[in-house]
Enquirer: 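Quick one: the structure is below, and I'll ask about it shortly.
On a predicted model such as this, the values are computed, not experimentally measured, just so you know. Throughout, a chain's letter reflects where its sequence line sits, starting with A, and its residues are numbered from 1.
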2 protein chains.
Amino acid sequence: MGAKVAALCAELGPGAMLPGERDLSTRFGVSRATVRKALEELMARRIVERRHGAGTFVRRPAVAQPLMATSFGDDMRRRGLEPSSRLLWSDTVVADTDLAARLEMPGGEPVLRVCRVRLADGEPMTLETLHVPSSRVPGLTGDDLDGPSSYYELLAERFDRRIRSGTQSVAPVVLATRDAELLGVPAGSPALHFVRTSRDHRGEIVERVESYARGDRYLIEMDIIPPGDATAGAAVLSGAVVP
Amino acid sequence: MGAKVAALCAELGPGAMLPGERDLSTRFGVSRATVRKALEELMARRIVERRHGAGTFVRRPAVAQPLMATSFGDDMRRRGLEPSSRLLWSDTVVADTDLAARLEMPGGEPVLRVCRVRLADGEPMTLETLHVPSSRVPGLTGDDLDGPSSYYELLAERFDRRIRSGTQSVAPVVLATRDAELLGVPAGSPALHFVRTSRDHRGEIVERVESYARGDRYLIEMDIIPPGDATAGAAVLSGAVVP
DNA sequence: GAGTGGTCTAGACCACGTT
DNA sequence: ACGTGGTCTAGACCACTCC
């Protein structure tokens, strides 16, 4: 449903006002509630803008495709770049109490660690270290994650684990010399430090990734809402790569 | 409505499973759709977690109150800190083509600039530079923004302009010596560089703020969604201050 | 199978912006 | 006034999880 409305937006072009919700519901043969849900989704994706009493409008700039925090490969492809990975090293360690807690696994069991540089069109973008309990991905090795392969695809195909939810934090850091070298930027350059924890459909953690993203190639964009608006929805996050 | 369910969540405590939607709807005497809307709001505010077929649960950590990107003062108060401002300087400049375009105003007209350090419990948190077309806030001076006063309150009370929407970008930077001094951190410390543009209810830009936030006190948290999920909703953004 | 959330319909009234 | 989006009701069926 949302796709039909999105197509209509593309057809009308930026700045255009969409037909009213009642109109759309008869036009597409669905109820108004369904149309509203679709419009709310497009709103969240920053494709349309709604003004109470005025109407729904296709967003002016529509600059880069609004993006959600997803996988590296998807992000890059959406920007028309070719994603790839270069394996730096991988090993298996025994989880101490701390690591076990973070991965929600029994302590003392093995954990696969994989360190990769992620590239877009051959240029280093991020430096990632992945942690996953070995028992949840039996047989997986670092080599499986070299080249163009996607960890999320591997998870789905070989282990029938599909990413369902996750949480991520972002903080600014200054790159250490070694990390800066791997990313091809001067030592002391600014970067974003991401820590992502993802769960599969069963609720189990299937990855904890710490990554450093080049500050000159990453920025985060978000919508903001009026201060003091208690009933306000969430701010919307989208990422963009600086050209 | 959402408040009632939020109160129930607080009562039940972290990790607890909420009653089903049908149960809640009879309990509160509203329709199930209304309950769902309230739950979606709590979901966006990261207060509850929902699992299809399983149930709705109060979020485990509920660490710091989840926050939306709002005004500095609101952010700090929500964290139990006392916000304040220290005026560094202010002046009025004539907008060149670039600045005029960014503020969506005619070129050649005056723009008020105000530079402030924002503090929480007396400790520097961010360094802000505000730009606003003078014609939209006639009579406003930098001194009006010294001390505990809120720009947003001034806008509403003196100029009848209420913030309605806005957009913000975030990038990592390394602090210059002077900026680091003002923020009370060592030179070369990491920071987040925010650029916020806010519009009032008439759609006019009433502020463009560039700010530097201490990297040791700010981090951004967001939910992530499955890769390749075209119909997925938006990632949720919340901010947190590192203790 | 029983209970959960996810989706949908058809209709109503309210709040707001435009004219 | 009129049309817009915002909210709500009452009921239905589907998809999923868990026992």
Enquirer: For the side chain of Arg116(A) and the backbone of Leu145(A), is there at least one donor-acceptor N/O pair under 3.5 Å apart?
Expert: yes
Enquirer: Does Thr34(B) make a side-chain N or O approach to OP1 or OP2 of dT7(D) shorter than 4.0 Å?
Expert: no
Enquirer: Tell me if the side-chain of Arg22(B) makes a donor-acceptor pair with the base of dG11(D), cut-off 3.5 Å, by modelled atom types.
Expert: no
Enquirer: Starting the side chain at C-beta, find the nucleotide from dT9(D), dT7(C), dG6(D) nearest to Lys37(A).
Expert: dT7(C)
Enquirer: Of the candidate nucleotides dT9(D), dT9(C), dA15(D), which contains the atom at the shortest distance from the side chain of Val30(B)?
Expert: dT9(D)
Enquirer: Rounded to whole Å, please give me the gap between CD in Glu40(B) and C1' in dT7(D).
Expert: 13 Å
Enquirer: To the nearest angstrom, how far is Leu24(B) atom CG from dT9(D) atom P?
Expert: 13 Å
Enquirer: Quick one: on DNA chain D, does Arg32(A) or Gly53(A) contact a more 5' nucleotide (nearest heavy atom)?
Expert: Gly53(A)
Enquirer: Just call it for Ala33(A): base, sugar-phosphate, or nothing, with non-hydrogen atoms closer than 4.0 Å on any strand.
Expert: base
Enquirer: What's the closest nucleotide to the Met17(B) side chain, out of dG5(C), dT4(C), dA15(C)?
Expert: dT4(C)
Enquirer: Distance check needed: dC8(C) P versus Lys4(A) NZ, whole Å only.
Expert: 11 Å
Enquirer: Just grab all the side-chain hydrogen bond (donor to acceptor under 3.5 Å, both in side chains) pairs involving residues 6-21 of chain A, residues at least two apart or on different chains.
Expert: Glu21(A)-Arg32(A), Glu21(A)-Arg36(A), Glu21(A)-Arg50(A)
Enquirer: Can a side chain N or O of Arg50(B) be found less than 4.0 Å away from OP1 or OP2 on dG6(C)?
Expert: yes
Enquirer: Please determine if a side-chain N or O atom of Ser31(B) lies less than 4.0 Å away from the OP1 or OP2 oxygen of dG11(D).
Expert: no
Enquirer: So, under a plain 3.5 Å distance rule, would you say the side chain of Arg51(B) forms a donor-acceptor pair with the base of dG6(C)?
Expert: no
Enquirer: Quick one: Glu49(A) CD to dT4(D) C1', roughly how many Å, whole number?
Expert: 15 Å
Enquirer: Rounded to whole Å, please give me the gap between CE in Met43(B) and P in dG5(C).
Expert: 12 Å
Enquirer: With salt bridge (Lys or Arg N to Asp or Glu O under 4.0 Å) as the criterion, how do Arg158(A) and Asp160(A) come out once you've worked through the C-alpha distance, each side chain's angles and the decisive distance to 0.1 Å?
Expert: CA-CA 6 Å; Arg158(A) 282 176 50 179; Asp160(A) 191 35; over 6 Å; no
Enquirer: Would you kindly check if the NZ (Lys) or CZ (Arg) of Arg51(A) is within the cone defined by 45 degrees around the ring axis of Phe57(A) and under 6.0 Å from the six-membered ring centre?
Expert: yes
Enquirer: Using whole Å, report how far CZ of Arg36(B) lies from C1' of dT7(D).
Expert: 16 Å
Enquirer: Check the distance between dC14(C)'s C1' and Glu21(A)'s CD and give it to me in whole angstrom.
Expert: 14 Å
Enquirer: Rounded to the nearest 0.5 Å, what separates atom OG in Ser198(B) from atom CD1 in Ile205(B)?
Expert: 9.0 Å
Enquirer: Phe57(B) has an atom CZ; how far is it from atom C1' of dG3(C), in whole Å?
Expert: 12 Å
